[in-house]
Amino acid sequence: MSDFERFNPHVADARWQKIWDERQSFVADDASAKPRAYVLEMFPYPSGRIHIGHVRNYTMGDVIARYKRMTGHEVLHPMGWDAFGMPAENAAMEKGVHPGGWTRDNIANMRTQLKRIGFAIDWSRELATCEPDYYGHEQALFLALYKAGLVYRKESAVNWDPVDMTVLANEQVIDGKGWRSGAPVERRKLSQWFLKITDFAEDLLAGLGALDQWPDKVRLMQENWIGKSQGLKCRFAFPGSNREGIDVFTTRPDTMFGASFVAIAADHPVAQKLASNAPELAAFIEECRKGGTTAADIETAEKMGFNTGLSVEHPLDPSWHLPVYVANFVLMDYGTGAVFGCPAHDQRDLDFARKYHLNVTRVVADGDLTDSAFAGNVAYAGPGQIVNSHFLNGMTVDQAKADVIAKAEADGWGVGQTQYRLRDWGVSRQRYWGTPIPIIHCDTCGAVPVPDAQLPVVLPEDVSFDIPGNPLDRHPTWSKVDCPSCGKPARRETDTLDTFVDSSWYFIRFASQPANKPFDRETAEKWLPVDQYIGGVEHAILHLLYARFWTRALNHIGMIDVKEPFASLFTQGMVTHQTYQDADGKWLSPEEVKREGDIWTIIDSGAAATAGRIEKMSKSKKNVVDPDDIVDQYGADAVRWFMLSDSPPERDLEWSESGIEGCWRFVQRLWRLVGQTSDAAGKDEALNRKTHQAIAGVAADIDALAFNKAIAKIYDLANAIEKAPPSESRNAAIRNIILLSAPMVPHLAEQAWEALGGEGLIADAAWPEVDPALLVESEVTIAVQVKGKLRDTITVAKGLAQDDLQALALASQKVQHAIDGAEIRKVIVVPDRLVNIVI
RNA sequence: GCGGGCGUGGCGGAAUUGGUAGACGCACCAGAUUUAGGUUCUGGCAUCGCAAGGUGUGGGGGUUCGAGUCCCUUCGCCCGCACCA
């Protein structure tokens, strides 16, 4: 049995990967009659190298995919590339390569890396979003939404980098400067394409309720992002005008009698108009705009206001006039860009009122009902009884809200309104490496959709990156086309789509990819929704909200009968690693340092080093582990096993040398077990029980994505097998532990399956059946407590009667010693669990 | 500030509806095999104590026959959002 001394992954990995590939083992059959399982991990951006985080992500998905195959499912487990985006253009500018060539080379490298890890992926469905046979269909979908009125164009303020001559996303603006150029970002107005995600705000919010297999955290983040609030929109009219005035949105119409001022945003049209002949106001507005936008800035920013000298009538009492301020804390892009200030019951308003010596009137009381004065500098935002408010007096907050809204609607000065924080999705990007927006601008006809027959609008490859800006803008011929409507010379739209559009439907294209249309409805509906989606929590809002919206939008226009794309979502933790620094704080890689006791030194220089925090792997901190290197060293199975061990999958996993070595040893241990089958006969009842409990337990743990627990149970079974004497049961246990491990360590499992004479591939084998009779222990160990403290344990037949249990417990010497002759007041007996004697 | 999560051995972590805390792994210690071992095997490993026994799930309090688990309070760490009217 010398073959079983050592498992050699360098031979086995490649051998089995080739066999799976040749047999097309993981190609999903659209026509299968089996129950389906669609397992998907968020597809990677082809940056050039696979990151260890990818390995963890795809290993989890792979275990589920392989397990689902074993339990009789037709599994769809595809892989593709989120291939458009800025890094390719940055590489083009920095290295002089073409974004397309750079991206496609990266994809080739990363595909090779992924294949070495042995994932059960249907590579026949591989796609890259940067290829016309993907983005052309995306253009068709965009136009379908356009024709349905879900796409529109409007002027919008954007972050403009004047050096790179491009728009930056909010995340790309750091301290007011472009992340790449370092130039101060300008606010610029540009015509942008928008998708009407706000049309679906209520539906997207309501849909969260049914996503019970999503993490609460992600649902809550989306809920907050959509930001629904209900209140009153009403007008504060200018005195003497014919109902001209300032519209205000409030969630607290119940506090209207506590109003003492109206404040408008610096960008509010009324402020803008006044500023044109009031230099002081113009200066104040400029000051407001400069205000920082970082968290710390906002925290410490003082409430500032500018009294416009205007006043407005209180809607509930037109003889009561309120001053109008321009205030730095009012935002133009939420609500109406104007608020009424009720200082007693809103902290910002109170800060503002104290600073500018405005009235502070209490209108909600939680105790004393008479005093209208409001002391102190802490606003009261809680519940209570309305006071000092005429006809509202005595009502609760909720009653008063409803009453004021009803009165406003009856008298015509306001309406109850639901407000969302969510705004429409601006998808225009002034970039080359993205999906061209399939629109043609004609001076006569306006924006005209590209006719279907002319799709895809293909990105030209002959572009240069030697000067900043969008190369599509300065391409000599590409943008020059005839108007599809009137035939006169016209221009193509040179903006491209946000890459989040690309990732908003790739899961549909995976399920069905005909050449002549985005997807075949019937086939896509067979697979969708994705049964298990796995990815990083950093996509909790953007990608996951956009994909939910896009799917709903397609549903809305009748293209697909699916509303929620991902039935179950799992967000995995990061892979972390120890960091090291030298005396100057320079980062050191783990290979550069050595340890003696608790002292770390730099190997080359002998200088002192410090072991720092355990952090997410990043190049800048030099704590990266390259998947290729570790697969070279330990083989794919040990790496996969490590990715699943110890840490619960939603938490961070710390990479460690000793950890991976332990995994390597276990892989070898499993292999040695395979060599230990014998021709011994005979049953080993205890081992049979252990085996069947493991089969059931591992299945339950994989179903719950508790891979660390599944692995603990496999270790446990391995320990039991090693201790058991040879028997038929032991042979069966060995065969079963290989089946249980197959989703995690598939190469070793195939090799073992072959050695054990298993039929076909273990990749096609069925999950072992559980004998329910063996799950039930015939004997149970009962805890015996005296006054809640454990004093003894007794082993008895399962299901023993309460009286017998009590008698056995009382017969224990240890128990009698603890009772020490005291009077027994009560005995609690929980069958098969414990006896508690109360004295 | 608002919202959410987490605190269990030296470390990662287990622990159905409240019912024997510390499964499993890593590290460490002792022994055996080996020319040797960073191999393999056996045993040990919360803590105080010679023992009997006591104490232990961040701290304090409560409910209960019984609390890691439920409630109140407090401390610490992490994440998300943020002048949202």
Side-chain angles (χ1 to χ4, degrees), chain A residues 5-6 215-221 223-225 227-229 231-233 248-252 255 263 265 291 293-295 297-304 327-331 333-342 346-349 351-352 419-422 537-538 540-541 614 641-642 645-648 650-654 656-663 665-666 668-669 672 700 706 708-719 722-723 780-794 814 817-818 825-830 832-839:
Chain A
E5 273 170 19
R6 194 163 179 279
D216 289 343
K217 178 187 164 116
V218 174
R219 290 197 289 175
L220 196 64
M221 281 166 74
E223 189 182 319
N224 292 339
W225 186 265
K228 181 179 181 176
S229 53
L232 171 70
K233 186 175 135 181
V248 157
F249 176 72
T250 179
T251 56
R252 294 298 302 273
T255 65
T293 52
T294 66
D297 287 340
I298 291 165
E299 187 99 18
T300 55
E302 204 172 336
K303 304 285 174 282
M304 290 194 302
N328 65 342
F329 65 88
V330 181
L331 307 172
D333 42 10
Y334 185 78
T336 60
V339 299
F340 81 80
C342 174
D346 181 285
Q347 192 58 48
R348 283 167 325 198
D349 296 347
D351 295 346
F352 192 82
Q419 188 75 39
Y420 298 93
R421 207 183 74 110
L422 184 70
V537 74
E538 67 273 18
I541 294 173
I614 294 157
W641 192 258
F642 184 89
S645 303
D646 287 352
S647 284
E650 68 278 9
R651 285 199 218 168
D652 290 352
L653 171 69
E654 189 194 344
S656 74
E657 281 296 312
S658 54
I660 183 68
E661 303 236 343
C663 293
R665 284 199 296 270
F666 184 73
Q668 297 299 335
R669 211 174 127 200
R672 282 193 302 274
N708 57 322
K709 290 194 242 169
I711 277 185
K713 291 191 172 90
I714 292 174
Y715 274 117
D716 221 11
L717 180 59
N719 291 343
E722 281 173 353
K723 286 190 171 69
V780 285
T781 304
I782 305 283
V784 184
Q785 299 177 336
V786 178
K787 275 176 81 179
K789 282 190 190 291
L790 184 71
R791 294 300 172 183
D792 200 0
T793 58
I794 50 178
K814 288 180 186 170
H817 184 249
R825 292 195 292 150
K826 195 173 173 187
V827 179
I828 307 224
V829 181
V830 182
D832 296 338
R833 278 226 107 103
L834 64 64
V835 178
N836 188 11
I837 296 154
V838 186
I839 54 174

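Numbered from 1 within each chain, the chains take letters A, B, ... in sequence-line order. Heavy-atom basis, side chains included; hydrogens, waters and symmetry copies ignored. Here the structure is a predicted model, which is why all the values come from computation and not from measurement.
- For A:Lys228, the NZ atom is densely surrounded, since the number of other residues' heavy atoms within 6.0 Å is greater than 12.
- In the set B:A85, B:C81, B:A23, B:A23 carries the atom at the smallest distance from any side-chain atom of A:Asp716.
- Rounded to whole Å, the separation between the P atoms of B:C71 and B:G19 comes to 15 Å.
- Pairing for B:A15 is absent, with no Watson-Crick or G-U wobble pair whose two atom distances lie under 3.5 Å.
- A:Lys713 comes within contact range of no nucleotide atom at all, as no heavy-atom separation falls under 4.0 Å.
- Backbone-only engagement by A:Asn719 is indicated by non-hydrogen atom pairs under 4.0 Å involving sugar-phosphate atoms exclusively.
- One P atom belongs to B:U69, the other to B:C50, and the distance between them is 32 Å to the nearest Å.
- Under the Watson-Crick or G-U wobble criterion, with both distances below 3.5 Å, B:G1 is paired with B:C81.
- Ion pairing of A:Arg219 with A:Asp216 is present here, as a side-chain N (NZ or NE/NH1/NH2) and a carboxylate O approach within less than 4.0 Å.
- Between A:Arg348 atom CZ and B:C83 atom P the separation is 9 Å, expressed in whole Å.
- Rounded to the nearest Å, the gap between the P atom of B:C70 and that of B:U17 is 10 Å.
- Among the heavy atoms of the strands, none lies under 4.0 Å from A:Arg219.
- Look at B:G38: it lacks any Watson-Crick or wobble partner with both distances under 3.5 angstrom.
- Between A:Asp646 and A:Asn708, every side-chain heavy-atom pair lies at or beyond the 4.5 Å cut-off.
- Both A:Trp225 and A:Asp349 sit near RNA chain B, but only A:Trp225 has its closest nucleotide nearer the 5' end.
- For A:Glu661, the salt bridge (charged side-chain N to carboxylate O under 4.0 Å, His left out) test picks out no residue, with sequence neighbours left out.
- Using atom C1' as the reference point in both B:G22 and B:U8, the two lie 8 Å apart (nearest Å).
- For A:Ser645, the side chain to side chain contact (heavy atoms under 4.5 Å, CB included) partners two or more places apart in sequence, or in a different chain, are A:Trp641, A:Cys663, A:Ile711.
- For A:Arg669, the salt bridge (charged side-chain N to carboxylate O under 4.0 Å, His left out) criterion is met by A:Glu722, not counting sequence neighbours.
- With rounding to whole Å, A:Asp216 atom CG is found 15 Å from B:C79 atom C1'.
- Applying the salt bridge (charged side-chain N to carboxylate O under 4.0 Å, His left out) test to A:Asp832 and every residue at least two apart in sequence or in another chain returns A:Lys798.
- Residue A:Val330 is in base contact, counting any heavy-atom pair closer than 4.0 Å across all strands shown.
- Taking the ring-ring contact (aromatic ring centres under 6.0 Å, His included) definition, one finds that A:Phe642 meets it with A:Trp655, sequence neighbours left out.
- Taking the C1' atom of each, B:G53 and B:U42 are spaced 30 Å apart, rounded to whole Å.
- Using a 90° window around 0 for the glycosidic torsion, B:G12 falls outside it and is classed as anti.
- For B:G7, the paired base is B:C75 (Watson-Crick or G-U wobble, both distances below 3.5 Å).
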Sugar-phosphate or base contact per nucleotide [nucleotides 3-22 of chain B; S, B, -; heavy atom under 4.0 Å]: SS-------BSSSBB-BB--

Between the protein and nucleotides 30-39 of chain B, list the N/O to N/O atom pairs that are separated by less than 3.5 angstrom.
unit_1, atom_1, unit_2, atom_2, d
B:U39, OP1, A:Arg665, NH1, 3.4

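- Nucleotide B:C84 holds its P atom 11 Å from the CD atom of A:Gln347, rounded to whole Å.
- Proximity of a side-chain donor or acceptor of A:Asn836 to a complementary backbone N or O of A:Ile828 within less than 3.5 Å is not detected.
- Checking B:G53, B:C83, B:C24 against every side-chain atom of A:Leu331, the shortest atom distance belongs to B:C83.
- Take the nearest nucleotide of RNA chain B for A:Val838 and for A:Phe329: the residue whose nucleotide is more 5' is A:Val838.
- Scored by the salt bridge (charged side-chain N to carboxylate O under 4.0 Å, His left out) test, A:Arg252 finds A:Asp254 as partners (sequence neighbours excluded).
- Comparing the same atom, P, in B:G38 and in B:C45 gives a spacing of 24 Å after rounding to whole Å.
- Here A:Val339 pairs with A:Ala263, A:Val330 under the side chain to side chain contact (heavy atoms under 4.5 Å, CB included) rule; sequence neighbours left out.
- With both ends at atom C1', the span from B:G68 to B:A21 equals 7 Å, rounded to whole Å.
- Look at the C1' atom in both B:G1 and B:G66: the space between them is 41 Å, to the nearest Å.
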